[in-house]
Amino acid sequence: MKYHIKTYGCQMNHSDSERIAGVLEMAGYEKTAEESEADLIVINMCSVRKSAVDRIAGNFKKYKKYKINNPNFKTVITGCVLKSDRKRFEKLFDLVLDIKEIESLPERIKKCHCEGVKTTEAIPKLQFNEPNNEIATLYTVVRNDNSNYFHIQPQHQSKITAYVPIMTGCNNFCSYCVVPYTRGREKSRAVDEILNEIRKLIKSGYKEIILLGQNVNSYKPDKNTDFPKLLRLINNIPGNFWIRFLTSHPKDVTKELIKTVAKCDKCTEYIHLALQSGDDDILQKMNRKYTTEHFLNIVKMIRRYIPNCAITTDIIVGFPTETEKQFQNTIELMKKVKFDMVYINKYSPRAGTESYKMKDDVSWTEKKKWEVIANKILRETALENNQKYIGETIKILVEKVDDKFIYGKTRSFKNVKLELEIKNQELIINNGKFVKIKITQTDAWGLEGKMIK
Ligand code: SF4
């Protein structure tokens, strides 16, 4: 039996897909890159944007055809599925599965006998859109307690970089976000389980460990451990490797965390700090629980303790009630911080969230215009930051080598390209190797360099 996994959304979903692959391969399934060859298609979905949800439902005609040609063909959907979308998907998919129940996937698939059968467990009729709803809290606690899927051995997609989830869920309830409703409340993974997984990865040759969580700064598996302590413990694991982490909530970034990153030699000079808006009123409406002043103070601290740190962020343009003036405040903040990368999203309302109750009153045309303006500022600041690398000698991690070029990443997560010099045998290098190069050129999105002989 062959399986094919289609993943939407963030790195957390990609990491979960590696665990889904692990479960299926343990059960004897074989991976196929071709959807049309698969007996089982697993959609690991993301509800953050409505367009992804519509695309998945739209693709379904194709799957119906596969089912006609292959009576064993089954479809499963998992990941971030909102309750409102779940009902729609139950009519289409053979199985709608909570991500935390993926260990039972092969068993549940065996039980799906007929087309269109509804195999999901009954979902309690609860109001999920109220953060303080007592019943919703209870339901989430139940979901968290019965499911630790992190112990599943993942099938990593890369031989160099490994995503390692350290927690799942979120307690923050940003008003536009579905994550607390789809993934439930924060649950931190046990320290020993994380350290053992990383030790094994390093022994098998992995060079870059990316710790994942919706808000890694609130990692708290027990009263004696927090995120800075976890970083120190990972840093003490013998071996030549880099540590990165995603994603940080500005309200939870502490001086201790920044000093820890500065002191730990394996922690790289790269911090993703989601801003979302440069206007205090909009931040409040987003329920982000920090001000622009607080954000700028963190940036100042990062620049003081980690001078070469690249800072990247997420921004939403066109949040309900956002005015031109408020958008300009975001632009001003972008200019002050000089981000290395900004993931710009046009606001789109998602049912079940708090902001869904607000009128989506910024036109799509205006959102697109603001996105273009924000992108222009990003291009300028990213280029300015990258130009500082010209003439510098730096270490990169090689990720890919083809006939002409070597591709890699810097510690600060910049893409680097350099010409392959095959004349000199000593310069033939492989993926997963650290090499020193001199930067010769840049644009806003990457660096170019030469090998040092
Ligand atoms: S911090 Fe906010 S945006 Fe991030 S996952 Fe949690 S609720 Fe969503």
Side-chain angles (χ1 to χ4, degrees), residues 8-16 44-50 52-53 79-83 85 99-100 128-133 136-137 139-140 143-144 163 165-189 210-220 227 245-254 257 271-280 282-292 294-295 298 311-320 322 330 342-358:
Y8 293 84
C10 65
Q11 283 90 345
M12 195 72 184
N13 270 17
H14 285 269
S15 166
D16 285 347
N44 189 3
M45 82 158 284
C46 165
S47 293
V48 169
R49 294 206 190 105
K50 190 169 180 299
V53 181
C80 287
V81 182
L82 269 171
K83 190 184 159 200
D85 295 323
I99 189 69
K100 292 169 191 158
F128 272 110
N129 50 1
E130 292 293 338
N132 295 323
N133 184 317
T137 310
Y139 181 65
T140 307
R143 283 171 21 145
N144 283 348
Y163 290 120
I166 62 165
M167 61 193 299
T168 183
C170 186
N171 294 350
N172 289 315
F173 290 96
C174 298
S175 64
Y176 51 82
C177 182
V178 295
V179 169
Y181 309 104
T182 55
R183 283 190 175 265
R185 298 294 173 92
E186 280 171 10
K187 185 172 165 65
S188 295
R189 192 176 173 195
I210 306 185
L211 307 174
L212 290 181
Q214 263 76 34
N215 179 14
V216 288
N217 314 116
S218 53
Y219 175 76
K220 194 88 192 128
F227 188 53
F245 51 87
L246 291 169
T247 179
S248 293
H249 193 301
K251 78 174 168 55
D252 297 315
V253 173
T254 59
L257 171 69
I271 294 183
H272 183 82
L273 198 57
L275 168 66
Q276 307 301 8
S277 171
D279 182 85
D280 287 337
I282 295 293
L283 282 177
Q284 206 176 4
K285 285 180 181 164
M286 288 176 165
N287 196 27
R288 291 291 289 173
K289 304 184 189 93
Y290 55 84
T291 60
T292 50
H294 178 80
F295 189 92
I298 298 170
I311 304 178
T312 60
T313 198
D314 301 317
I315 278 173
I316 297 172
V317 294
F319 190 77
E322 187 172 358
T330 299
V342 182
Y343 301 94
I344 304 161
N345 293 301
K346 297 185 283 302
Y347 173 78
S348 74
R350 296 300 296 117
T353 61
E354 279 299 292
S355 68
Y356 190 70
K357 296 173 189 166
M358 300 171 78

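Indexing begins at 1, ligand by ligand and atom by atom, following the structure's order.
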**Report entry** Cys177 near atom 8 (Fe) of ligand 1: N/O/S under 2.8 Å
**Finding:**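 A backbone or side-chain N, O or S atom of Cys177 is under 2.8 Å from atom 8 (Fe) of ligand 1.
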Requested in this report: Scan side-chain atoms only and decide if Thr291 and Asp280 contain a donor-acceptor pair under the 3.5 Å cut-off.
Outcome: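 Side-chain D/A pair, Thr291 to Asp280: absent.
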Query raised in the report: Under 3.5 Å, is there a donor-acceptor pair between the Tyr181 and Ser47 side chains?
Result: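 Looking only at side-chain atoms, Ser47 and Tyr181 do not form any donor-acceptor pair under 3.5 Å.
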Query - Those atoms of ligand 1 less than 4.0 Å from some heavy atom in Phe173 - result: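 That gives atoms 7 (S) of ligand 1.
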Report task. Could you list the atoms of ligand 1 found under 4.0 angstrom from a heavy atom of His249? Result ->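 The list of qualifying atoms is 1 (S).
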Query raised in the report: Should Asp279 and Glu322 be marked as a side chain to side chain contact (heavy atoms under 4.5 Å, CB included) after you check the CA-CA gap, both sets of side-chain angles, and the distance that decides it?
Result: CA-CA 9 Å; Asp279 182 85; Glu322 187 172 358; over 6 Å; no
Using a heavy-atom cut-off of under 4.0 Å, does the side chain or the backbone of [X] touch ligand 1, or both, or neither?
X      : result
Cys170 : side chain
Pro180 : side chain
Tyr176 : side chain

Report task. State, with a plain yes or no, whether a side-chain heavy atom of His249 is found less than 4.5 Å away from one of Ser218. Result ->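 With C-beta onward as the side chain, the pair stays apart.
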Query raised in the report: Is there side-chain contact between Pro250 and Arg288, with heavy atoms separated by less than 4.5 Å?
Result: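 Of all side-chain heavy-atom pairs linking Arg288 with Pro250, at least one is under 4.5 Å.
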Query raised in the report: Does Arg288 have a heavy atom less than 4.0 Å from any atom of ligand 1?
Result: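 The answer is yes, since Arg288 has a heavy atom less than 4.0 Å from ligand 1.
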Query - side chain to side chain donor-acceptor pair (under 3.5 Å) evaluation trace for Asp314 with His272 - result: CA-CA 8 Å; Asp314 301 317; His272 183 82; 3.1 Å; yes
Report task. For atom 7 (S) of ligand 1, find the nearest protein heavy atom and state the residue, atom name and distance (0.1 Å precision). Result ->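 The closest one turns out to be Cys174 N, 3.4 Å.
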Query - Closest approach of any protein heavy atom to atom 5 (S) of ligand 1, naming residue and atom - result: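 For atom 5 (S) of ligand 1, the nearest protein heavy atom comes out as Gln214 CG, 3.5 Å.
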Query raised in the report: Between Cys170 and Val179, what is the shortest heavy-atom contact and its length?
Result: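 In this case the closest contact between Cys170 and Val179 is CB-CG1, 4.0 Å.
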